[in-house]
Amino acid sequence: MPDLEARAWRELDLAALRHNVQVLRGRLSPGGELMAVVKADAYGHGLAETARALSRMGVRAFAAACLSEGIALRRAGVRGLILILGWTPPEEVPLLRRYRLTQTVADEAHGLALAAAGRPIRVHLALDTGMHRLGVPAEDFNALQNLYRQGNLRIDGLFSHLRVADSLDAEDAAFTQEQLSRFYAAVSRLRAAGLPVGKLHIQSSYGVWNLPPQPCQYVRAGIALYGVLSQGGPVQRPLDLRPVLSLRARVVSVRTVPAGEWAGYGRAFRAQADVRLAVVSIGYGDGLHRDLAQRGGQVLIRGRRCPMAGRMCMDQLLADVTALPEVRPGDTATLIGRDGPRDISAQELAARCGTITNEVLCQLRPRLPVVTR
Ligand SMILES: *Cc1c(COP(=O)(O)O)cnc(C)c1O
């Protein structure tokens, strides 16, 4: 077996994942269940490794973005509900059936086209309550009734997505309440018409952080499951979550660069005095932001912060270890995670790169092997 930690790797802390699952379960309404959102390679954590671990923790509902992710989950041995959150072409109905996947109905036309494919499938209806991305307009009762008339759509659930649940701004909080009202109004109207609504779900991570438990059967948790906020800033109901992912790479070479020399591509770094540079075997080809060094990026080596130096390469980066003469090839460099007393969070990287942790994490490339702890 190759040494998975030879070059650069993603490390999953399964105890942290288990802890997060328990903490999130503590925020469900009675009878509620966690739906683990594992789209985009489980937010860069590794789809199969993460989903298998969650299955062992008793998670029985998963959400993927697209058909290929749903199939990958079944091939990884995942059982239970797999909901495809995005649009799937109606021609793929046979694959939805073969892999027992539950498809989101993206709008009325999509639902009719899926039904016209000629074989029954399980679906959840997305309701558009104000995000205006996917979903049947929640107030369009005719469209909803029409979908219920399609014998090939087995409607197991109804859901919606909140647009500004991450905001504590009063106007945004009012809009979230408006979305909740539209959702429950549609549910009541369908129930009154004798139409079975199945499982309901509307909260994702920020819905859990900022709202009380909802009278629904599922909570769709993504970023919270992985133990990080999308961005800094307060939430109404903080959760004691632990980051699951660490990102580490090997120091493969250490060299002294004399004063006045340039290092790396271009003219991004010039040694002001003699410096010692560590070559770390990870780069933008692994999903790091190429501009990270210029934005103050650092790595942890031997428990100390070392500044990145020069232009990041596709497969390597340089770190200035002049202050740490004991650094040797073979040392581990930490890009995200803890090393001794110090820690670099995904949120720190996201802030440097002007984005959210979701993007930083889901950029991580599959060539980074996943190691579980
Ligand atoms: C991605 C996604 C989620 C998960 O969102 P988090 O903020 O990561 O919890 C939930 N629902 C839908 C529809 C999504 O697209």
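All values derive from a computational prediction rather than experimental measurement. Just so you know, ligand 1 is whichever comes first in the structure, and atom 1 is the first atom listed for that ligand.
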* At a non-hydrogen distance cut-off of under 4.0 Å, which region of Arg133 contacts ligand 1 (side chain, backbone, both, or neither)? -> side chain
* Could you grab the distance from atom CG of Asp107 to atom CH2 of Trp87, nearest 0.5 Å is fine? => 10.0 Å
* Between Tyr206 and ligand 1, does any nitrogen or oxygen pair lie at a separation below 3.5 Å? -> no
* To do: Quick one: look at Leu85 and ligand 1, take heavy-atom pairs under 4.0 Å, and tell me if it's side chain, backbone, both or neither.
  => side chain
* Compute the shortest N/O to N/O distance between Ala221 and ligand 1 and return yes if it is under 3.5 Å, no if not. => no
* Asked: Can you tell me which residue and heavy atom of the protein come closest to atom 12 (C) of ligand 1, and the distance to 0.1 Å?
  -> His161 CE1, 3.4 Å
* To do: Ignoring angles and geometry beyond distance, decide whether Gly222 reaches within less than 3.5 Å of ligand 1 through its nitrogen or oxygen atoms.
  => yes
* Examine Arg220 relative to Phe159 and say whether NZ or CZ is less than 6.0 Å from the centre of the six-membered ring and inside a 45° cone about the ring axis. => no
* Structure fact -> Ranking Lys39, Gln203, Met35, Arg220 by closest non-hydrogen atom to atom 14 (C) of ligand 1, top hit is Lys39
* Answer yes or no for Arg189 and Phe141: cation-pi contact, defined as NZ/CZ to six-membered ring centre under 6.0 Å and angle to ring axis within 45°. => yes
* Asked: Applying a strict 4.0 Å limit to heavy atoms, is Met131 in contact with ligand 1?
  -> no
* Structure fact -> Looking only at protein heavy atoms, what sits closest to atom 9 (O) of ligand 1 is Ser205 OG, 2.5 Å
